[in-house]
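Below: one structure, written as structure tokens.
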2 protein chains.
Amino acid sequence: MTKKAALLKAAENKVRLGGYSNFSFRELANEIGIKSASVHYHFPTKADLGAELAHQYTDNFIAMLGEPQAHKANGKNPLDIYTQLFKNALVIDKKMCLCGLLGAESDSLPDKVRDEVKRFFIKNLAWLTQAHKINGEPDPERAAIQTVSLLEGAMMISNTLDDIHYFEQATF
Amino acid sequence: MTKKAALLKAAENKVRLGGYSNFSFRELANEIGIKSASVHYHFPTKADLGAELAHQYTDNFIAMLGEPQAHKANGKNPLDIYTQLFKNALVIDKKMCLCGLLGAESDSLPDKVRDEVKRFFIKNLAWLTQAHKINGEPDPERAAIQTVSLLEGAMMISNTLDDIHYFEQATF
DNA sequence: AATCACCTACCTACTGATAGGTAATTTATA
DNA sequence: TATAAATTACCTATCAGTAGGTAGGTGATT
């Protein structure tokens with residue numbers, strides 16, 4: 001893994017635990033074994049790092065989702081795939097959704113970071129709208145916002161109360 | 001308003017925009033016209049201030065909700081009251097729910113602050129469980145966690161995308 | 001006399017960021 | 001092919017600013 005990738009990985013872990021201000025160039029540098037000044041070589045400013053992190057997180061998340069049509073063709077409900085991806089983030093990583101956390105504090109984020117967080121939700125809503133349409137929902141746009149809201153909220157509360165049961169109860 | 005109350009008010013505004021790390025003793029002091037060292041007279045540490053803020057926010061929120069039974073007796077659905085309180089926070093204050101934001105970053109919070117955030121959700125779930133029970137829901141506990149998850153999530157996404165329409169679409 | 005509600009002055013630790021330097025590698029030119 | 005130029009990926013050293021927190025002092029109120 002390149003140093004740049006290692007920096008993004010370390011930053012993701014920190015942000016998913018405590019938000020944008022929960023990581024510093026020094027901490028990141030120490031963790032991967034370089035100096036804090038060298039982090040600026042890869043990312044001119046902290047906002048650049050945050051924006052690239054959110055962008056990459058979004059792309060990866062959408063890629064993991066696959067195509068709703070493909071799931072349906074395989075006899076699976078695309079919404080189950082979506083729910084499972086959220087649950088994995090919570091159970092395996094034991095952390096919040098990166099953009100769920102950044103979204104909550106989006107008012108205080110640098111513009112370019114906030115823009116990437118918006119992009120995450122726009123892309124998620126598009127995917128979910130498609131999924132609900134395939135499922136024959138009469139109002140797929142509404143169902144989409146309800147699905148992502150429920151999952152993000154359940155994730156946050158389950159994480160806060162430190163009990164996966166809340167997430168499971170909310171989503172099944 | 002006492003200086004202490006003014007400090008809590010100023011802190012609430014900051015936290016609801018950017019989380020626990022979005023306020024400092026210096027900023028708070030400047031805003032209300034005292035020195036940062038004097039803030040320590042009212043709150044020994046930042047964690048003490050954060051915990052008292054979350055505690056007071058919770059008490060106020062629950063008090064605003066009133067009793068589910070009383071609403072039902074007045075011919076109103078307690079869940080509409082609950083939804084309206086969330087919507088007001090978003091539309092009037094144009095800010096996130098304090099504990100929604102703190103919950104998202106709860107992993108990095110001081111213990112006493114996190115405990116108060118937990119208390120917020122425990123109290124909310126109790127109120128909602130009661131409300132759903134009154135409404136004749138077959139599984140009031142599940143309905144309660146679903147309600148608060150949906151509202152917290154919709155609030156976060158509406159705030160992020162800066163469009164109240166998402167909240168309305170998710171909740172009506 | 002004690003308590004309250006502040007104050008000045010200060011501390012250590014950490015923040016993101018910059019300037020300027022270096023060895024190793026890669027690319028362009030003669 | 002040999003040499004020169006440029007680029008990469010770091011480094012040391014340092015900066016101004018901000019963080020939370022502390023010691024000790026002051027005038028007003030109780």
Tell me the interatomic distance from A/Ile34, atom CD1, to D/dT8, atom C1', rounded to whole angstroms.
13 Å

Of the non-hydrogen atoms in B/Cys97 and B/Phe120, which two are nearest, and what is the gap between them?
SG-CZ, 3.9 Å

For a quick test of reading the model: is some side-chain N or O of A/Tyr41 closer than 4.0 Å to OP1 or OP2 of D/dA9?
yes

I'd like to know if the side chain of A/Gln84 pairs up with that of A/Asn88 as donor and acceptor (distance under 3.5 Å, no hydrogens or angles considered).
yes

Nearest whole angstrom, please: distance from the P of D/dA9 to the NE2 of A/His42.
7 Å

Aromatic ring pairing B/Tyr82/B/Phe86, orientation class (parallel under 30°, perpendicular over 60°, tilted between):
tilted

Using atom types as modelled and distance alone, determine if a side-chain donor or acceptor of B/Asn135 lies under 3.5 Å from a backbone N or O of B/Glu137.
no

For B/Lys35 and D/dA23, give me the distance from atom NZ to atom P, rounded to whole Å.
21 Å

Under 3.5 Å, is there a donor-acceptor pair between the side chain of A/Ser106 and the main chain of A/Leu102?
no

So, does B/Lys87 use its side chain to make a donor-acceptor pair with the main chain of B/Phe167 at under 3.5 Å?
no

Just one of B/Leu125, B/Leu150, B/Leu128 clears the side chain to side chain contact (heavy atoms under 4.5 Å, CB included) bar with B/Ile145, so which one?
B/Leu125

A correct 5'-to-3' footprint of nucleotides 14-24 of chain C, with B, S and - meaning base, sugar-phosphate only and no protein heavy atom under 4.0 Å, is -BBBB------

Looking at A/Glu152 and B/Ile157, would you say the former's side chain and the latter's main chain have a donor-acceptor pair under 3.5 Å?
no

Strand-adjacent residues in residues 4-21 of chain B, judged by heavy atoms under 4.0 Å from DNA chain C
none

